[in-house]
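Everything quoted here is computed from the prediction, not taken from an experiment. Lettering follows sequence order; numbering is per chain, from 1.
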Number of protein chains: 2
Amino acid sequence: MRTAKSFSCPVEAVVNLIGGKYKTVILWHLINNTLRFNQLQKQIPQATPKMLTQQLRELEHDGIVNRKVYPVVPPKTEYSLSQFGLSLIPVLDSMRKWGVEYIKSAGKQILSEK
Amino acid sequence: MRTAKSFSCPVEAVVNLIGGKYKTVILWHLINNTLRFNQLQKQIPQATPKMLTQQLRELEHDGIVNRKVYPVVPPKTEYSLSQFGLSLIPVLDSMRKWGVEYIKSAGKQILSEK
DNA sequence: CGGCATCCAATTAGATACTG
DNA sequence: CAGTATCTAATTGGATGCCG
């Protein structure tokens, strides 16, 4: 399921890879940042550890994020965008641009900080 | 749920609007095309009528697609991108570009026609 | 033709507790 | 700290049948 399957359109491929509930947000926070699990959790409090782990594992499995585990006590794990993940930035950015306009024009709610 | 809520990042807004299982595909088929319900069904056979209706209603509710019902017998309904929906084309296109590259590099499956 | 209603199966997500 | 395990709740999706 995680490996490429046939898509009726290429757009579908993207949704399959980064369409998960928290994936774009995770990716968003990882642009220009290497973050530990805990830091991600603080940035995305609406995601439970379980969900965060799951989404991160999928992103890792798809080669979008790097997971670097330091064999120390207490544990330390760092997440960052892989080379492949970096290639998604233009997509994320076009989404961001549109999202900003949308929120502006919808004008019903304000962005929460960050 | 369909109206704007607060997003921790604008990217999330896009996913919420067009992240639905068939939404990007629907949108994809509606670029440059006005299609009837039946035609959409043929283009997207993996979606049941129920799902298609549901996704279309959400897209309509979000002002992304226009639904034009002709009061004739037998019924005739045409779907097309709204002005707002047209603004999504750059996003869809950046996704498409990336998707094409992804599929190429994954190189495990071929695009089905169209 | 373009749906909607109903019922059910499957998938996804949350809460909570626990561990190397 | 960075998760896992388990159980349950909610959401999503499919099959089928019917209707204006």
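- Within the structure, every side-chain polar atom (N or O) of B:Lys21 is placed at least 4.0 Å from both OP1 and OP2 of C:dT12.
- In this entry the distance linking CD of B:Gln41 with C1' of D:dA15 reads 14 Å, nearest Å.
- What separates CE of A:Met51 from C1' of C:dA13 is a distance of 6 Å, to the nearest Å.
- Rounded to whole Å, the distance from CD on A:Gln39 to P on D:dG3 is 13 Å.
- Rounded to whole angstrom, the span from the CD atom of A:Glu78 across to the P atom of D:dG3 amounts to 12 Å.
- For the helix from C:dC1-D:dG20 to C:dG20-D:dC1, the rotation axes defined at the first and last 5 base pairs enclose an angle of 60°, given to the nearest 10°.
- Position along DNA chain D of the nearest nucleotide to A:Lys50 versus A:Thr77 favours A:Thr77 as the more 5'-ward residue.
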Take B:Glu60 and B:Leu56 through the test side-chain contact (heavy atoms from CB on, under 4.5 Å) and record every step on the way to the result.
-> CA-CA 6 Å; B:Glu60 185 194 0; B:Leu56 283 167; over 6 Å; no
Apply the test ring-ring contact (aromatic ring centres under 6.0 Å, His included) to residues A:Trp28 and A:Tyr22: give CA-CA distance (whole Å), side-chain angles for both, the deciding distance (0.1 Å), then the verdict.
-> CA-CA 10 Å; A:Trp28 187 250; A:Tyr22 303 110; over 10 Å; no
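- Side-chain proximity of A:Pro49 to the nucleotides D:dG3, C:dC1, D:dG13 is greatest for D:dG3.
- Contact check, A:Tyr79 against D:dC1: no side-chain N or O comes under 4.0 Å of OP1 or OP2.
- Comparing A:Arg57 and B:Gln54 against DNA chain D, the residue whose closest nucleotide sits nearer the 5' end is A:Arg57.
- Of the candidate nucleotides D:dG13, D:dA2, C:dG2, C:dG2 has the atom lying nearest to any side-chain atom of B:Asn38.
- When distances are taken from the side chain of A:Pro75 to each of C:dG2, D:dG14, D:dC1, the shortest belongs to D:dC1.
- Between A:Arg36 and D:dG3 there is no side-chain N or O to OP1 or OP2 distance below 4.0 Å.
- Whole-Å rounding puts the B:Leu40 CG to C:dG3 C1' distance at 13 Å.
- Remark: C1' of C:dG14 and CD of A:Gln55 are 13 Å apart, rounded to the nearest angstrom.
- With hydrogens and angles ignored, the 3.5 Å screen pairs no side-chain donor or acceptor of A:Asp93 with any backbone N or O of A:Ile89.
- For C:dT12, the OP1/OP2 oxygens have no side-chain nitrogen or oxygen of A:Tyr22 closer than 4.0 Å.
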